[in-house]
Amino acid sequence: MWRRLSFNFSKRVKYQLAMYRRACWRDNMELSLAGNCLDTLPPQLGRLQNLKRLGLAGNRLQELPDALGQLEQLEGLWLHGNLLKELPAPALVGLTRLTTLVVSGNQLTSLPDTLGSCTSLQELTAAGNLLGSLPPSIGNLQGLRRLVLNGNRLEQLPAGMAGLISLKELWLQGNAMDGSCLAMWLPHLRALEQLSLADNQLTQLPVPLSKLPELTKLWVYGNSLRDPFDMDAHPKLQSCWLEGNPFTGSATAQMLRDASNMPSLRHLGLDLAHMMQAVDSIGLEALEALVSGAERCLKVAGSVAGDTNHDLSSGVCGGTSTTATTGTSPTGSGSSSSIDGLASPNLGPGYFKLALGPCTMPIRDRLAQSRLQGSSVSEPATHGAPPGSPPEGKVQSELLVVAFGSAPGTPNWAGLLSRLYKAAQSDAERDFDVLYVVDPARSWFGGLDADDDNALASSSRSSSSSSNISNNSKSNNATSASESSDTSRVASSLGACSSGRVGDLQNDASIFSRQGASLQYYNERTSRYTRRYKHVLMLGDSMGATASLLFSPLATSVIAFCPQVDLNTACMRPGASDAQLAQLQDNVLAAVKSSQAAIHVHTGTWEHDLEQAKLLPEDKVAHKVYNLDSHRVAIYLESQAKLLPLVQEVMLNSMGISAKKNVRISNVL
């Protein structure tokens, strides 16, 4: 029989040995001491000989006792959200039954070589630390199935990685790897099903995809890839996200050809910049033919195939990246600069992908429209146009939904927003676009740099990106005179639209009491999109909810589920200094106070989330509490069929549409 003890203290306390004696039962048990601001653990912890699950997340632990190694029955250890700079090497030797180890959000610069003693380990999560390397003994973990290392400072990984023969998921996004080391060991991970190398410094794929026979999902957006790779040689590949890479036009064309011959491929993510490079390389007619052949899976610039289905059910899809998303800037013709940033050269870290709604003009029609002399996307052809004119359409919707990703560094909310399109009873109700924003480096969307000496690496990456923007702008100006007429017409058709729709709310960086390069970058980058829309709704959960508050001056409405404001006591506490956390809190509060948006905050009865919500100014926030002692409020509302109508009501109010009872919602659910 399992028994569980959970101790929760609202103030910092020192535990008495009696607590542990009371907990020391003979049968199997679980002990949770999460979220108690503990800074030390007593050595008597080792007396819990039968303990199998130990939760210590969200404290202020700077070190762990060697007595931890006496817990020989321990199977799960959760240490995320502390201040650990190292793990006790001797203790790990005794944890031979450990299957799950979570140390995310600490300040670890390395992992001990004794980690290789934990031979039963199946999941190792160390995201959001300061890791610059892994121990060679990592290869001893032959049963490891999931390895999460996103948001660190990794440049190389040891050859011992070849020993991870059971690994199915490898998450390396938001690091600094150029791929040179990957070729040594990646071909040995033949069980690998999901691989994320996004937001790194790859110039080519380290191995042919044929070397990874079980791979189904690949994320390589935000790198420096220029040449095509062997997608068609991989029969099981289902999703491949390539946005923000400087692919040549011929490379884009080749990947479109490959995609048309891959029955298993459901999602291929590209940018408008890629499409325009392809126009330069092969011309409009050839590109239209390739787009038609790959319409089943191509996800770029709205509904490429002209359909209105917008399959958003699994991650970011059915969408358009109107700005090249992440990583190094694409080079080539200056066409990008001619469309006012909508398909501009890549600007820096993070994932930005705009999914146009079903009420906007499909890209195939836009490409066709660009042939018409004097046409522009802001003046679409009408039904009275001459024969051969493209169908009527609009450039963008009235409402932009900005969906912020949470700490795992993957897009959120796609399934819900897809159902909102289906539940709509009129074109007016489905007239919204979606911008997915993700921070793979776990910098809390730039909120953690704050010019602090220990700022996360993304700050320097953003500074470098600013230099790239300047250089690319000069390059584009120099080459603009030689642009092809095809590219110029496509750029005009795809990008011309009004700006400043919510101008008085936009991009006032002075609201932040202090901001570093990353925060300024995310603020300005988000504003490039939001300023084009009449209404902006920001949506987020946990870390994503914090982002929705941080950038709320760019919005007209906000829905934030369990936002984190004071991260000093949070279980999801990132590996940042007290100064960084304090500055993030100050900036969130400053943003909310200056925002003109209608801000809706939703939490359960969990004491931590309630305290976070109470930090927000009451006159600026509508706070609703649900009878749920958990952080997973959005998931709970989804299970109760309450999430969709909640979001839809705010959306309709934002657009000035009466939020009457929608009968179709019950049918959809």
Side-chain angles (χ1 to χ4, degrees), residues 302 308 310 312 319 322 354-361 377-380 392-404 413 416-437 497-508 526-540 545 548-549 551-561 591-592 594-602 619-624 637 642-666 668-669:
T308 57
H310 284 260
L312 296 173
T322 53
L354 180 64
L356 297 182
C359 295
T360 55
M361 184 187 299
V377 85
S378 59
E379 298 176 334
E392 184 176 359
K394 60 189 297 185
V395 184
Q396 62 183 40
S397 299
E398 293 289 305
L399 171 69
L400 176 67
V401 178
V402 183
F404 288 103
W413 303 104
L416 172 72
L417 295 168
S418 175
R419 296 199 307 276
L420 280 170
Y421 283 128
K422 296 176 183 178
Q425 292 183 309
S426 66
D427 284 345
E429 292 183 8
R430 65 176 62 91
D431 189 16
F432 64 92
D433 300 338
V434 183
L435 173 66
Y436 296 92
V437 183
C497 65
S498 60
S499 61
R501 302 294 297 278
V502 217
D504 58 337
L505 303 179
Q506 302 301 316
N507 203 29
D508 182 8
T526 305
S527 176
R528 282 176 174 257
Y529 295 89
T530 59
R531 67 186 179 212
R532 301 174 180 274
Y533 289 82
K534 184 177 181 180
H535 311 288
V536 176
L537 167 62
M538 291 188 171
L539 178 64
S548 70
L549 297 179
F551 304 112
S552 60
L554 306 180
T556 52
S557 300
V558 172
I559 305 177
F561 293 96
V592 171
S594 68
S595 177
Q596 300 177 36
I599 300 177
H600 308 267
V601 171
H602 300 266
D619 60 327
K620 303 291 291 188
V621 172
H623 179 202
K624 185 167 184 178
L637 293 175
K642 296 179 179 180
L643 184 62
L644 187 147
L646 184 158
V647 175
Q648 186 185 55
E649 181 178 4
V650 176
M651 288 177 58
L652 296 183
N653 287 337
S654 298
M655 294 187 286
I657 301 174
S658 176
K660 58 191 176 189
K661 183 176 178 64
N662 192 331
V663 179
R664 274 201 68 195
I665 291 180
S666 59
V668 171
L669 295 175

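This is a predicted model, so every value here is computed, not measured.
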Working to the nearest 0.5 angstrom, can you tell me the gap between [X] [atom1] and [Y] [atom2]?
X	Y	atom1	atom2	value
Ser654	Glu649	OG	CD	10.5 Å
Leu399	Thr556	CG	OG1	7.0 Å
Asn653	His535	CG	NE2	11.0 Å
Leu435	Leu356	CG	CG	10.5 Å
Leu644	Lys422	CG	NZ	11.5 Å
Lys624	Ile559	NZ	CD1	12.0 Å

Sub-3.5 Å donor-acceptor pair from the side chain of [X] to the main-chain atoms of [Y], do we have one?
X	Y	answer
Asp433	Gly357	yes
Asp431	Asp427	no
Ser548	Leu539	no

Could you tell me which non-hydrogen atom of [X] sits nearest to which non-hydrogen atom of [Y], and how far apart they are?
X	Y	value
Val402	Thr530	CG2-CG2, 4.1 Å
Ala403	Trp413	CB-CD1, 3.9 Å
Met538	Ala555	CG-CB, 3.8 Å
Arg528	Arg532	O-NE, 3.2 Å
Leu549	Val592	CB-CG2, 4.0 Å
Met655	Glu429	CE-O, 4.1 Å

Can you name the side-chain contact (heavy atoms from CB on, under 4.5 Å) partners of Ser595, sequence neighbours left out?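 side-chain contact (heavy atoms from CB on, under 4.5 Å) check on Ser595 returns Ser552, Pro553, Ala597, Ile599.
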Among residues at least two apart in sequence or on other chains, which ones pass side-chain contact (heavy atoms from CB on, under 4.5 Å) with Asp619?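 Once residues adjacent in sequence are excluded, the partners of Asp619 under the side-chain contact (heavy atoms from CB on, under 4.5 Å) criterion are Pro617.
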Test item: Leu643 and Phe561 side chains (from C-beta on) under 4.5 Å apart, heavy atoms: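 The answer is yes, as the side chains (C-beta and beyond) meet within the 4.5 Å cut-off.
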Going by heavy atoms in the side chains, are Leu646 and His602 under 4.5 Å from each other?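 A side-chain contact under 4.5 Å exists here.
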Excluding sequence neighbours, so at least two apart, what forms ring pair (Phe, Tyr, Trp, His ring centres under 6.0 Å) with Phe432?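 Per chain and number, Phe432 pairs via ring pair (Phe, Tyr, Trp, His ring centres under 6.0 Å) with Tyr421.
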Side chain to side chain contact (heavy atoms under 4.5 Å, CB included) between Tyr436 and Leu417, worked out: CA-CA 11 Å; Tyr436 296 92; Leu417 295 168; 4.0 Å; yes
